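On a predicted model such as this, the values are computed, not experimentally measured, just so you know. As a basis for the values below, the full set of heavy atoms in this structure was taken, side chains included, without hydrogen atoms, waters or symmetry mates.
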Amino acid sequence: MAAVAALSLSACGTSTSSESSQDLTVATVQNDKPALQPIVDAFEKAHPGVKVTLTSADTSPYQTTLQTQLVANNGPDVFYTYPGSGNPAAEGLLAKAGYLKDLSSESFVSQIPSGIQDLTKYQGKTYVRPMTVGGIGMVFNMDALKSAGLTVPDTWTGVLQLCASAKAQGKTAFALGGGTMSNVQFIDYALIPSLVYAKDPSFNQEMSSGSATFAGSAGWQQAMNMNVDMVKAGCFEKDPLGVQYPDAAKLVASGQAFGIVQTQGAIAQLRVDSPSGNFELHPFPAGDNPSDTYLASSIGAEYAINAHAKNPTLAQQFLDFLSSDAEEDAYATAANSVPAIQNAQSAIPASIASIGEYQKENKTFPYPDPYWPNAQVQQAHLTGMQELLSGQGSVADALKGMDSAYKG
């Protein structure tokens with residue numbers, strides 16, 4: 001399925017000599033397509049004669065295919081990208097290579113909250129329009145939990161107890177969907193704020209200076225070992241590394257699995273499969289004291305304009321339309337996210353109330369990968385986690401591989 005999605009995305013970005021000046025290509029990740037599609041429809045309605053081709057793909061194929069397209073100069077005009085430099089579609093890498101239009105003079109730049117400004121820049125210039133602030137945690141089917149007589153765990157012991165209770169009822173506590181490679185990273189990402197950054201807020205700077213390593217980090221070691229503990233406790237679906245993300249989402253939407261560790265964007269996908277479903281995101285507890293839990297929260301979605309867009313004028317018009325208060329709020333609501341640039345009418349959906357609560361309490365830290373120097377670190381992490389979860393690798397090997405990739 002991932003290969004098919006990648007091929008579909010690749011096809012969308014290829015222009016032909018017959019392309020009309022009224023044609024625009026836009027690409028996003030699968031989780032955010034339900035949020036972006038209505039805005040694409042509204043843009044076409046507001047611009048008669050304009051045809052927007054919107055495509056999407058799962059995270060990993062999206063990242064690699066977008067990079068391939070841009071190198072071949074046939075990328076989409078407007079596309080979803082990621083903060084930092086930690087994956088093939090990250091803004092830092094793409095801006096460095098000259099693939100992103102400089103947006104520093106846009107009016108929205110001065111409105112970007114200080115807490116995320118550094119994640120929108122490369123060498124002092126702004127290349128992306130942040131749309132949402134999201135989080136990574138446990139996304140639960142609340143109706144399924146209630147029907148089973150279970151509640152959201154707020155301790156690590158509670159997580160393992162949930163796994164045992166689910167197994168006893170013939171259900172799955174957490175759908176992993178590890179056949180989609182990007183899914184194996186999210187439990188670590190959800191745990192690192194509590195296990196690493198809360199104890200050592202300067203860890204990223206220490207990594208950059210060479211005074212810290214992944215292998216030498218007790219927090220990173222603990223996070224990976226907790227993944228192994230979840231495998232041993234039967235927390236995941238049968239053959240979790242053979243299940244693709246869309247199928248894992250269906251398990252949660254149908255109540256066969258109670259939850260999935262993912263970004264808040266997963267809720268939009270779950271509602272495609274179960275429109276009336278009640279889904280909520282909650283922080284992943286890293287220990288048995290709830291007050292020690294921190295939430296992974298950072299820019300959720302951001303969009304850039306291709307520096308070599310086939311239709312730069314229309315691309316700019318689309319980004320301006322996307323950036324309006326009404327459309328940003330609509331996007332955030334549909335994506336179950338917090339608007340990156342809030343206005344008087346902005347509201348936080350109840351399904352992700354925890355993001356707003358933890359932000360107010362200053363108990364959030366960004367995802368780790370925006371601060372990694374290259375995309376190879378993330379790839380090493382994904383590979384190491386797949387080997388670890390399959391029983392073919394060790395925590396030491398996974399962290400050693402990440403350190404090697406970090407050093408380049």
Side-chain angles (χ1 to χ4, degrees), residues 82-84 86 108-121 126 128 130-140 152-156 158-159 185-208 212 217-220 222-223 226 261-265 267 280-302 328-329 332-333 335-344 346-372:
Y82 299 80
F108 70 78
V109 173
S110 63
Q111 303 172 36
I112 299 175
S114 59
I116 61 172
Q117 280 185 1
D118 65 325
L119 296 177
T120 68
K121 296 180 182 294
T126 299
V128 297
M131 289 298 296
T132 63
V133 173
I136 295 175
M138 304 179 294
V139 177
F140 282 113
V152 174
D154 62 0
T155 65
W156 170 240
V159 169
Q185 69 188 330
F186 290 120
I187 293 176
D188 276 354
Y189 281 24
L191 291 169
I192 291 306
S194 301
L195 297 178
V196 178
Y197 297 142
K199 299 175 181 179
D200 184 6
S202 300
F203 181 76
N204 289 326
Q205 290 78 9
E206 293 164 9
M207 285 290 298
S208 181
S217 168
W220 269 98
Q222 185 176 350
M226 290 169 76
V261 180
Q262 253 277 358
T263 69
Q264 83 299 325
I267 295 177
E280 292 181 2
L281 179 141
H282 294 268
F284 196 111
D288 286 341
N289 185 348
S291 65
D292 291 337
T293 296
Y294 282 72
L295 176 72
S297 179
S298 191
I299 293 177
E302 59 182 34
E328 180 172 25
D329 285 351
T333 298
N336 286 279
S337 303
V338 179
I341 300 176
Q342 297 187 43
N343 58 74
S346 298
I348 299 176
S351 60
I352 56 164
S354 61
I355 297 178
E357 292 167 1
Y358 273 69
Q359 285 180 331
K360 288 180 181 178
E361 296 174 8
N362 291 318
K363 296 189 68 175
T364 68
F365 286 100
Y367 313 151
D369 59 353
Y371 299 96
W372 295 342

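- Of all the heavy atoms in Pro130 and Thr120, the pair that sits closest is CG-CG2, 4.0 Å.
- No side-chain heavy atom of Gln262 sits less than 4.5 Å from a side-chain heavy atom of Ile136.
- Ser337 and Gln264 form a side-chain donor-acceptor contact under 3.5 Å, judged by distance and modelled atom types alone.
- A donor-acceptor pair under 3.5 Å is formed between the side chain of Lys363 and the backbone N or O of Ser291.
- Looking at every heavy atom in both residues, Ala286 comes nearest to Trp156 through C-CB, 4.2 Å.
- Not counting sequence neighbours, Asp154 has no partner by the side chain to side chain donor-acceptor pair (under 3.5 Å) test.
- Nearest heavy-atom pair across Phe140 and Pro153 is CZ-CD, 3.8 Å.
- With a 4.5 Å cut-off on side-chain heavy atoms, Tyr189 and Asp369 count as touching.
- Looking at Ser298 and Leu119, their side chains come closer than 4.5 Å, going by heavy atoms from C-beta outward.
- Val133 approaches Ala340 most closely through the heavy-atom pair CG2-CA, 4.0 Å.
- Scored by the side chain to side chain donor-acceptor pair (under 3.5 Å) test, Lys121 finds Thr126 as partners (sequence neighbours excluded).
- Using a 4.5 Å heavy-atom threshold, the side chains of Pro368 and Trp220 count as touching.
- Proximity of Asp200 to Glu206: side-chain heavy atoms (C-beta onward) are separated by under 4.5 Å at one or more points.
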Full working for side chain to side chain contact (heavy atoms under 4.5 Å, CB included) between Ser217 and Val196
CA-CA 8 Å; Ser217 168; Val196 178; 4.0 Å; yes

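- Here the side chains of Val338 and Thr132 are not in contact, with every heavy-atom distance at 4.5 Å or above.
- Here the closest non-hydrogen pair linking Asp329 and Ser346 is OD1-OG, 3.0 Å.
- Side-chain atoms of Ser297 come within 3.5 Å of backbone N or O of Gly134 as a donor-acceptor pair.
- Applying the side-chain contact (heavy atoms from CB on, under 4.5 Å) test to Pro285 and every residue at least two apart in sequence or in another chain returns Met138, Val159, Thr293.
- Residues passing the ring-ring contact (aromatic ring centres under 6.0 Å, His included) test with Phe365 are Tyr197, Tyr294, sequence neighbours excluded.
- Between the side chain of Glu328 and the backbone N or O of Ile341, at least one donor-acceptor pair lies under 3.5 Å.
- The minimum heavy-atom distance linking Ser354 with Leu281 is given by the pair OG-O, 2.9 Å.
- Listed by chain and number, the residues in a ring-ring contact (aromatic ring centres under 6.0 Å, His included) with Tyr367 amount to none (sequence neighbours excluded).
- For Phe186, there are no ring-ring contact (aromatic ring centres under 6.0 Å, His included) partners, not counting sequence neighbours.
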